[in-house]
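Structure first, commentary second.
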Amino acid sequence: MLCASLSNQLMTKMMTASSLALPCSRYGYWIGCGKGKSSASTRNAAVKKMRLSTSPLASSAALDHSPNLSRPDFYKEVLESARDKFTMEISFQSKDKDISLAKTLLYVAAEDEAFLAFNREMDALSIHNERKDTSLPPDAQGWDSVESMPMAGKNINGWLAELDTIANEVKAELVPREIGCDMGEVLDAVNKVLFEYRGLKRSPVLVDSKCSYLHSALSSGGSSGILLSVVYIEVCQRLNLSIVGSRVGEDFLIWPLAGNPEELFKVISGHSLFAVVNGKCVEDPRSRASDVNSNSLLGLDVATNRDIIGITLANLIRLYWKRASRTNHGLMLTSPLRCVHNSEEKLNKKSGSSMPLLRPQELRLAIMASERLLILQPHDWTLRRDYGMLLYYSREYEAAVQELSICMAFAPEEEAEVLEPFVEKLHLMRLETSWNVLGQKGRLTVP
């Protein structure tokens, strides 16, 4: 079979660490192309650049020594720098306890903010080219590295300092209470500062991207459940109080590390400590979180820092996929895998026209989140399948064939059988696209 030969050709790449850790497409939406596709040489150059970056200072130095870059080119540099630093922050050479949740998620935000800024700059440049009477903004940035890039009024170090400020506000709240290290009082003070003074609130449904990034959650007050947990963990860490968490159903529950779990569930002033930390979800009978008690708590798998980052990235993928496919109600990433088994489906020149129309900017943001998630969890075949399907929707057929072929090597047999005919079809679509490009350049002569 064609698909089997594809898998054999890629087997050497699949068994190398670099092939598993690095997605094959990076910023393909804009690098080296004006029509939304990236060449293989461009992708290889981007991957090579990431591999050659050996220290966090390397990317910053590249920015510092490029003062004459145009604004769009500068944002390209920021994109690369943010991705490199995210990769180094979650490197498998680092111990999980040494990974900073806040800093890693701020690098995620910086990369996406730089991508959006790049698109705005390119739009402004297009308008300027069309209307010569419009003026372009000056190239001067006022900042020279990803750490100093402003996001909602503060840079990365500024948002880390904001978490320090919140911790100091909690300490100030504890002073008049004249208590020592009573855990209940500390958690009550954290809640008062976060939810009363700061106005943080949990967003039940992810529809606003502001609730999905750490800096915008801190600035706007709206937050997803997982980011609210991250804020709680980071603040308590600064108070020398260890907080751990675990996913239970659709909720992410957190609790302080205590010698006796039963202490967490004692009801004081109408609420247990567990309810104080996690809010109303643990008291809602419709939620699986309401079934957690001192016995079942011990059986929960405590999430690592990498797990928490992974959950946040998965939320970003779902958010941006939903927004990208808004005009295609019910469209799922894996929908084409079911349709390919329809015996009446024919591949012809119109096959590409049946592709659903998606919002390109939101689709690219979903792809970027998927790339980061694969760097974090390179051996998860379902994540690689989803990444390959995102590339398919982005019409990056060559990259999609490679990723889905790798996925087939690690997927269960029944799942690989579902993927095989789709990858064969995708390979033919890639060839057809290549032929069409050659046809536009002139008649193809077969010797």
Between the CG atom in Asp208 and the OG atom in Ser220, the distance rounded to the nearest 0.5 Å is 7.0 Å

Regarding Asn155 and Glu147, is there a side-chain donor-to-acceptor distance under 3.5 Å anywhere? no

Residues at least two apart in sequence or cross-chain that pass side chain to side chain contact (heavy atoms under 4.5 Å, CB included) with Lys103, listed by chain then number, are Glu89, Ser100, Tyr107, Leu160

Heavy atoms only: give me the nearest Leu319-Ser209 pair and the separation to one decimal. CD2-CA, 3.7 Å

Roughly how far apart are Leu194 CG and Lys201 NZ, rounded to 0.5 Å? 13.0 Å

Checking Glu162 against His215: is there a side-chain donor and acceptor pair closer than 3.5 Å? no

Considering all heavy atoms of both residues, which atom of Cys407 and which atom of Trp381 are nearest to each other, and what is their separation? SG-O, 3.3 Å

Find the distance between SG (Cys236) and CD1 (Ile243) and round it off to the nearest 0.5 Å. 4.0 Å

Decide, yes or no, whether a salt bridge links Glu396 with Arg364 under the criterion of side-chain N to carboxylate O below 4.0 Å. yes

Less than 4.5 Å apart, side chain to side chain, heavy atoms only: is that true for Ser212 and Asn315? no

Could you check Ser370 against Leu383 for side chain to side chain contact (heavy atoms under 4.5 Å, CB included), going step by step and ending with a plain yes or no? CA-CA 7 Å; Ser370 183; Leu383 298 181; over 6 Å; no

Would a distance-only check, ignoring hydrogens and angles, find a side-chain to backbone donor-acceptor pair under 3.5 Å from Asp307 to Thr304? yes

In sequence, state the C-alpha distance, the side-chain angles, and the governing distance for Ile166 and Arg238, and then conclude on side chain to side chain contact (heavy atoms under 4.5 Å, CB included). CA-CA 9 Å; Ile166 295 175; Arg238 288 160 170 77; over 6 Å; no

Greater than 12 external heavy atoms within 6.0 Å of Asp301's CG: no

Take atom CG in Leu298; do more than 12 heavy atoms of anything else shown fall under 6.0 Å from it? yes

Check the orientation of Phe410 and His379. Use parallel for under 30°, tilted for 30 to 60°, and perpendicular for over 60°. perpendicular

For Arg359 and Arg323 the tightest heavy-atom approach is CD-O, 3.5 Å

Counting only heavy atoms not in Glu413 (residues, nucleotides, ligands), do more than 12 fall under 6.0 Å from its CD? no

Are any of the side-chain nitrogens in Arg286 or Asp284 under 4.0 Å away from the carboxylate oxygens of its partner? yes

Got more than 12 heavy atoms from elsewhere within 6.0 Å of CD, Glu196? yes

Report yes or no: does Thr87 contribute a side-chain atom to a donor-acceptor pair with the main-chain N or O of Arg83 at less than 3.5 Å? yes

Take Ser224 and Thr312 through the test side chain to side chain contact (heavy atoms under 4.5 Å, CB included) and record every step on the way to the result. CA-CA 9 Å; Ser224 65; Thr312 308; over 6 Å; no

When rounded to the nearest 0.5 angstrom, what distance separates CD1 in Ile226 from CD1 in Ile311? 4.5 Å

Is there side-chain contact between Leu391 and Gln402, with at least one heavy-atom pair below 4.5 Å? no

Check whether any side-chain heavy atom of Leu116 lies under 4.5 Å from a side-chain heavy atom of Gln361, and answer yes or no. yes

What's the shortest heavy-atom distance between Gly388 and Ala400, and which atoms? O-CB, 3.5 Å

Less than 4.5 Å apart, side chain to side chain, heavy atoms only: is that true for Asn305 and Ile233? no

Taking side chain to side chain contact (heavy atoms under 4.5 Å, CB included) as the definition, give me every residue that meets it alongside Thr165, ordered by chain and number, with sequence neighbours left out. Glu169, Arg198

Distance-only, no hydrogens or angles: does the Ser203 side chain make a donor-acceptor pair with backbone N or O of Gly222 under 3.5 Å? no

Does Arg306 offer a backbone N or O that forms a donor-acceptor pair with the side chain of Asp96 under 3.5 Å? yes

Between Ser405 and Val401 (side chain of the first, backbone of the second, donor and acceptor by atom type, cut-off under 3.5 Å), is there such a pair? yes

Quick one: do the Asn328 and Ser325 side chains pair a donor with an acceptor below 3.5 Å? no

Taking the side chain as C-beta and beyond, is there a heavy-atom pair between Leu300 and Trp255 under 4.5 Å? yes

Using the ring-ring contact (aromatic ring centres under 6.0 Å, His included) rule, take Phe422 and Tyr392 through it: C-alpha gap first, then chi angles, then the decisive distance, then the call. CA-CA 11 Å; Phe422 179 76; Tyr392 158 74; 5.0 Å; yes

Centroid-centroid distance, Phe115 to Tyr75, less than 6.0 Å: no

Are side-chain heavy atoms of Tyr213 and Leu218 found at a separation under 4.5 Å? no

Please name the pair of heavy atoms, one in Pro72 and one in Met122, separated by the smallest distance, quoted to 0.1 Å. CB-SD, 3.9 Å

Please report the shortest heavy-atom distance between Tyr232 and Val276, naming the atom on each side. OH-O, 4.4 Å

Salt bridge flag under 4.0 Å for residues Glu111 and Arg372: yes

Can you check side chain to side chain contact (heavy atoms under 4.5 Å, CB included) on Ser81 and Asp84, steps first, answer last? CA-CA 5 Å; Ser81 177; Asp84 290 345; 5.7 Å; no

side-chain hydrogen bond (donor to acceptor under 3.5 Å, both in side chains) against Asp251, all qualifying residues, sequence neighbours excluded: Ser287

Do Leu358 and Trp321 touch side chain to side chain, with heavy atoms closer than 4.5 Å? yes

Do Leu214 and Trp159 come close enough that some side-chain heavy atom pair is under 4.5 Å? no

Reported CZ-to-CD distance for the pair Arg384 and Gln377, which is rounded to 0.5 angstrom: 11.5 Å

Considering only NZ, NE, NH1 and NH2 on the basic side and carboxylate oxygens on the acidic side, decide whether Arg326 and Glu362 come within less than 4.0 Å. no

Look up atom CG in Asp386 and atom CG in Leu374, then write down how far apart they are to the nearest 0.5 Å. 9.0 Å

